[in-house]
Amino acid sequence: MAAPLRAPKGTYDVLPGSPFLAVREALLGPAALAGYDYVEAPVFEDTELFARGVGASTDIVTKEMFTFTDRGDRSLTLRPEGTAGVLRAALQAGLQHGQLPVKLRYAGPMFRAERPQAGRFRQFQQVGVEALGSDDPALDAEVVALAASAYAGLGLTGVRALVTSLGDAACRPAYREALTAFLDGLDLDAETRRRAAINPLRVLDDGRPEVQAQLEGAPLMADALCDACRAHHEAVLGHLAALGVAVEPAPRLVRGLDYYTRTTFEFVHGGLGAQSAVGGGGRYDGLSQELGGPPLPGIGWALGVERTLLALEAEGVAAPGAPRLTAFVVPLGAAAKARAVTLVAELRAAGVAADLAYGDRGLKGAMKAADRSGAAYAVVLGDRDLEAGAAPVKDLRTGEQTPVALDALLTHLQEQSP
RNA sequence: GUGGGUGUAGCUCAGUUGGCAGAGCACCGGGUUGUGAUCCCGGUUGUCGCGGGUUCGACCCCCGUCACUCACCCCA
């Protein structure tokens, strides 16, 4: 026998009973209420979109992309993140010519060819929002607040919001120069020097203690912001305080994508193992032009579904479950079986979640199936109940059982339906 | 890409100095020919990851390999 097939490395299956779908929906709930419209972009795009959008210096682009060539010799890449594709779709559709800001939400799989570990997969799920066409600091605050409510709505209390400003084209170049000069004086390995040459900011979030020790006293962007960026950042923090969203300043925060400007943030949780980020995002006022589009400011975030599930587990919070069945029909006998099939269809048509015991099982086995279905009520429908014109309806939680006339069954169960 | 750990039933795992392959859960049936979740009885399920080696004999020791997993790096 051939070896059984397995899911590819770093992928997983969402199996029955998983809170995955409910959690993914819940994470986007606040955004939906705030006017963020649902969009979907392709799972693969021209490789160039990510090379230009995400940044040629990033780890994502240099070593983590699933890139392939199609039969027309086009280089395509499975999306490693969502923002580039959503922005591309918005520009292609000319949404920037309509009312601004354009507010979008999305959900779906992303792909990065990393070595898998706890909370890290090669195909993983993100939900995201993007708000395009406005640099209003109140919008920055709204976006951060939406993520905070998404986590709070699930019952999470251990998510911390780290916020900083990365400056813009007016102030970052000078800062970058100062940081480069500082880094030049340090004792760094060749690989880190290479990274520093491409993007010195990324050295700041190096996790190694020997590197961090040397970064003591490094110049910080927060101290080098131009007046406009400083005013913007203070306005954002003011709005967040007014909204009651607790944030922590994080002057060393640098994200792994090159397109961020000004407001940049990350949501972290302590219970995830080595990966602490459950979500992150920021402003990307230069990205549109980077992609060959018009000047179009934007801000957004992406939240990791798997890591949110890990956080729920770490906090011992019950994840939202699947909707439960109201009725489970247990047929006894051939005539009753035929009637049960149509009864269940009628119940479903009336909006009552219903199922029945397939397989002509005995009463005991069928009742067991009713119990395991999670249904609130079992309807025992035997041939003799058909003749009597009434069927016992059993409340599976209390064990209480009452006969209900067959022609009243549908309305009776409709009333019990949530 | 680099390091550590783990691979035994569908799941979670025992398995003694190398000597017949095990438990719990789950699943199916019965106890109760019309009542689940409790209880009792019975039953089904194995390439001990894979390939070599050592040995009278290997789940156990050795070598290789693959997979999973955790961590580095990075990030959701």
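Each chain gets a letter, A, B and so on, in the order the sequences are listed, and its residues count up from 1.
Ranking B:C70, B:U2, B:A76 by closeness to the A:F124 side chain, first place goes to B:A76.
Atom CG of A:D59 and atom C1' of B:C75 are 9 Å apart (whole Å). In this structure, A:Y12 places its OH atom 17 Å from C1' of B:C68, rounding to the nearest Å. The distance between atom CD1 of A:I60 and atom C1' of B:C73, rounded to the nearest whole Å, is 13 Å. Atom CG in A:L201 sits about 14 Å away from atom P in B:C74, given to the nearest Å. One interatomic measurement links the two molecules: CG of A:L78 to P of B:A76, which rounds to 17 Å at whole-angstrom precision. Between the C1' atom of B:A76 and the CD atom of A:E130 lies a distance of 14 Å, rounded to the nearest Å. At whole-Å resolution of the value, CZ in A:R122 and P in B:A67 are 10 Å apart. For A:F50 and B:C75, the CZ to P distance is 17 Å, given to the nearest whole Å.
Distance noted for atom P between B:G46 and B:U8: 15 Å (whole Å). Taking atom C1' on both nucleotides, B:G53 is separated from B:G18 by 15 Å, rounded to a whole Å. Here the separation of B:C20 from B:C25, taken at their P atoms, is 26 Å to the nearest Å. A distance of about 15 Å separates the P atoms of B:C11 and B:C48, rounded to the whole Å. Rounded to a whole angstrom, the distance from the P atom of B:G31 to that of B:U12 is 34 Å. The C1' atoms of B:C28 and B:A9 are separated by 16 Å, rounded to the nearest whole Å. When the C1' atom is used for both B:A26 and B:C70, the distance is 28 Å, rounded to whole Å. B:G24 and B:G19 have their C1' atoms separated by 26 Å, with the value rounded to a whole Å.
The residues A:D355 and A:R348 are annotated as salt-bridged, a charged nitrogen and a carboxylate oxygen being separated by less than 4.0 angstrom. Salt-bridge check for A:E248 with A:R160: passed, with a basic side-chain N closer than 4.0 Å to an acidic carboxylate O. Electrostatic pairing of A:R88 and A:E48 does not count as a salt bridge here, judged by no charged N lying under 4.0 Å from a carboxylate O.
Aromatic pair A:F328/A:Y377: ring centres not closer than 6.0 Å. Checked against a 6.0 Å centroid threshold, the rings of A:F68 and A:F66 do not count as neighbours. A centroid separation of 6.0 Å or more is found between the aromatic rings of A:Y106 and A:Y38.
Nearest heavy-atom pair, A:V330 versus A:A366, reported as atom, atom and distance to 0.1 Å: CG1-CB, 3.5 Å. The two residues A:V305 and A:R24 make their nearest non-hydrogen contact at CG2-CG, 3.8 Å. Closest approach of A:A196 and A:L183 over heavy atoms only: CB-CD1, 4.1 Å.
In RNA chain B, consecutive stretches of 3 or more Watson-Crick or G-U wobble pairs with both distances under 3.5 Å are given as paired ranges: B:1-7 with B:66-72, B:10-13 with B:22-25, B:27-31 with B:39-43, B:49-53 with B:61-65.
Taking the nucleotide of RNA chain B with the nearest heavy atom to each of A:K63 and A:F267, the more 5' of the two is matched to A:K63. Residue whose closest nucleotide on RNA chain B sits further toward the 5' end, between A:A302 and A:P116: A:P116.
Between the CZ atom in A:R262 and the OG atom in A:S165 there is a gap of 7.0 Å [rounded to 0.5 Å].
Side-chain nitrogen and oxygen atoms of A:R361 include at least one within less than 4.0 Å of the OP1 or OP2 phosphate oxygen of B:C28. For A:K9, a side-chain nitrogen or oxygen approaches OP1 or OP2 of B:C68 to under 4.0 Å.
The salt bridge (charged side-chain N to carboxylate O under 4.0 Å, His left out) pairs that include a residue from residues 388-405 of chain A number zero, where partners must be two or more places apart or lie in different chains.
Across all strands, A:F121 comes closer than 4.0 Å to base atoms (heavy-atom distances). Nucleic acid contact class of A:A370 (heavy atoms, under 4.0 Å, all strands): none. Here A:G362 lies out of heavy-atom contact (under 4.0 Å) with every strand.
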*Base versus backbone protein contacts along nucleotides 31-42 of chain B [heavy-atom cut-off under 4.0 Å; B, S, -]*: B--BBBS-----
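Side-chain to base pairing of A:Q275 with B:A71: no donor and acceptor N or O lie closer than 3.5 Å to each other. Between the side chain of A:R120 and the base of B:C73, at least one donor-acceptor pair of N or O atoms lies under 3.5 Å. Contact of A:Q117 with B:C73 (side chain to base): a donor-acceptor pair of N or O atoms is detected under 3.5 Å.
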